[in-house]
Amino acid sequence: MQKQTKSRLYRKEMIYGWLFILPPVLGFLFFTLFPVLYSFYGSLTDWDGLGQFNFIGLSNFKELLSDELFHKAAFNTVFMMLGIPIGLFLALLVALGLNRGIPGTTTFRVIYYIPVISSLAAISIMWSWAYNGDYGLVNQFLDMLGIQGPNWLMNKYYVKPAIMLMAIWKGLGYTMLLYLAALQSVPRSYYEAAELDGANGLKAFRHITWPMVKPVTFFIVVTNIISGSQIFTEINIMTSTGGPEYSSASVVFYIWQKAFDNFQMGYASAMAVILGIFIFIVTLIQFRMNEKSSYES
């Protein structure tokens, strides 16, 4: 009788367990796995988004090898991700400053976080006005310093740094908040012991602060690389044609153009597959490097 009761209770708990995990599993199947497989199959066809799927094998991938616009978009995407370490460095500096308990810390945290919760489309429009070569605030500020500013978004040499600067400003508050939370979790006794041992500020940062915030840095780097590889909204609003000589177009921007402007869904799917493989490889490398670093430390 007791075994039957336990067995009935076990089955009941198992049913409840499956019911709890069913929504995310179904969400993964319908909104992640199925689109990925569908996109991979589409990459092997010349589908236009409306008609029949005509299987053409690896033709789309072969064409990508000689597609200059794809090469430009890939270079632009990687180049703009150079802003990730710059943003990490600035956010860590700000977090270190706010962690010193200066008056108004809460106010500064709110100010820095406002861009994070603001609409990306609205921020992109605002920065487009700021970058305007005739009346933009950026060039007005440079004029006060006696510097003649360029037309940022219409110059192939300045458009990528301009978008990078906006992206760094947009994500600074989020990264800063993560670093600040990590810094506040470091026991004060560690720094007191280091001070008694004669360690200066630089040594304390190297041997205490940096190792303690390393897991947060790993998380930020991985998520920023994933999001940076998929940059689209800023480019689509600030440089709707991909910039002068396609100098600001990203891979996702080129995918969108091929899919919804040229109705080359199969070709766009091939680029999406390549982008997904790139993100997977880079993320895997980051995990391996983090495991190796943790083992060595």
Side-chain angles (χ1 to χ4, degrees), residues 25-84 120-121 124 153 156-157 159-160 163-164 167 221-289:
V25 169
L26 291 177
F28 172 78
L29 292 176
F30 286 107
F31 298 108
T32 302
L33 184 61
F34 176 72
V36 167
L37 296 177
Y38 196 83
S39 178
F40 178 74
Y41 176 72
S43 69
L44 304 175
T45 70
D46 62 353
W47 185 43
D48 61 0
L50 299 172
Q52 296 291 327
F53 286 85
N54 298 315
F55 186 79
I56 59 174
L58 300 175
S59 296
N60 287 326
F61 295 96
K62 292 178 181 177
E63 188 177 345
L64 281 175
L65 296 176
S66 58
D67 189 343
E68 291 187 5
L69 290 182
F70 175 72
H71 297 163
K72 275 190 175 182
F75 171 78
N76 295 337
T77 302
V78 174
F79 183 90
M80 283 187 281
M81 284 196 290
L82 294 177
I84 294 175
L120 181 55
S124 299
L153 301 180
K156 66 178 182 179
Y157 299 109
V159 62
K160 284 191 287 291
I163 294 175
M164 286 169 56
V221 169
V222 170
T223 54
N224 280 0
I225 288 176
I226 293 173
S227 60
S229 302
Q230 303 174 72
I231 184 172
F232 170 74
T233 305
E234 305 93 315
I235 296 167
N236 189 39
I237 293 177
M238 300 174 72
T239 56
S240 58
T241 60
E245 301 182 24
Y246 226 59
S247 55
S248 67
S250 65
V251 173
V252 174
F253 181 85
Y254 191 41
I255 291 173
W256 175 80
Q257 277 195 329
K258 284 294 186 181
F260 300 106
D261 282 354
N262 302 336
F263 296 101
Q264 295 178 265
M265 288 288 184
Y267 193 67
S269 297
M271 284 190 285
V273 169
I274 294 298
L275 180 62
I277 293 173
F278 168 78
I279 293 174
F280 173 78
I281 292 175
V282 172
T283 304
L284 182 62
I285 292 173
Q286 289 292 323
F287 271 93
R288 294 298 185 190
M289 290 176 61

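Computed from a prediction, not measured in an experiment: that's the story for all the values here. Only this structure's heavy atoms are used, side chains among them; waters, hydrogens and symmetry mates stay out.
Listed by chain and residue number, nothing satisfies the ring-ring contact (aromatic ring centres under 6.0 Å, His included) test with F40 (two or more places apart in sequence, or in another chain). I226 is linked by a side-chain contact (heavy atoms from CB on, under 4.5 Å) to V222, Q230, I279, T283, counting only residues two or more places apart in sequence or in another chain. F55 is linked by a side-chain contact (heavy atoms from CB on, under 4.5 Å) to L44, counting only residues two or more places apart in sequence or in another chain. Partners of L33 by side-chain contact (heavy atoms from CB on, under 4.5 Å), not counting sequence neighbours, listed by chain and number: F28, L29, L37. Taking the side-chain contact (heavy atoms from CB on, under 4.5 Å) definition, one finds that L50 meets it with D48, sequence neighbours left out. Evaluation of the side-chain hydrogen bond (donor to acceptor under 3.5 Å, both in side chains) rule for S269 yields no partner, not counting sequence neighbours. Remark: S248 pairs with T239 by the side-chain hydrogen bond (donor to acceptor under 3.5 Å, both in side chains) rule, at least two apart or across chains.
Of all non-hydrogen atoms in P35 and F30, the two that sit nearest each other are CD-O, 3.4 Å. Summarising the geometry of L153 relative to M238, their closest heavy-atom pair is CD1-O, 3.6 Å, with the distance given to 0.1 Å. Here the closest non-hydrogen pair linking T45 and G42 is OG1-O, 2.8 Å. Shown here for G228 and T77, the closest heavy-atom pair between the two residues is O-CG2, 3.8 Å.
Among residues at least two apart or in separate chains, side chain to side chain donor-acceptor pair (under 3.5 Å) pairs with a member in residues 53-66 are D46-N54. Listed by first and then second residue, the side chain to side chain donor-acceptor pair (under 3.5 Å) pairs involving residues 32-42 amount to none (not counting sequence neighbours). Listed by first and then second residue, the salt bridge (Lys or Arg N to Asp or Glu O under 4.0 Å) pairs that reach into residues 237-263 are K156-E245, sequence neighbours excluded.
Annotation: the span from L64 atom CG to L58 atom CG amounts to 11.0 Å, rounded to 0.5 Å. The structure places CG of L120 at 4.5 Å from OG of S124, a figure rounded to the nearest 0.5 Å. Taken from OG in S250 to CD1 in I235, the straight-line distance is 3.5 Å, to the nearest 0.5 Å. Distance check: D67 CG to Y254 OH gives 3.5 Å after rounding to the nearest 0.5 Å. W47 CH2 to I56 CD1: the interatomic distance, rounded to the nearest 0.5 Å, is 13.5 Å. We find the CD-CG distance between Q257 and L69 to be 8.0 Å, quoted to the nearest 0.5 Å.
Side chains of N262 and Y267: a donor-acceptor N/O pair is absent below 3.5 angstrom, by distance only.
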message: Apply side-chain contact (heavy atoms from CB on, under 4.5 Å) to residues M265 and F260 and explain how you reach the verdict.
response: CA-CA 8 Å; M265 288 288 184; F260 300 106; 3.7 Å; yes

message: Please determine whether side-chain contact (heavy atoms from CB on, under 4.5 Å) holds for the pair V251 and I274, giving the CA-CA distance in whole Å, both sets of side-chain angles, and the decisive distance to 0.1 Å.
response: CA-CA 10 Å; V251 173; I274 294 298; over 6 Å; no

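Geometrically, K160 engages F79 in a cation-pi contact, judged by NZ or CZ lying under 6.0 Å from the ring centre and within 45° of the ring axis.
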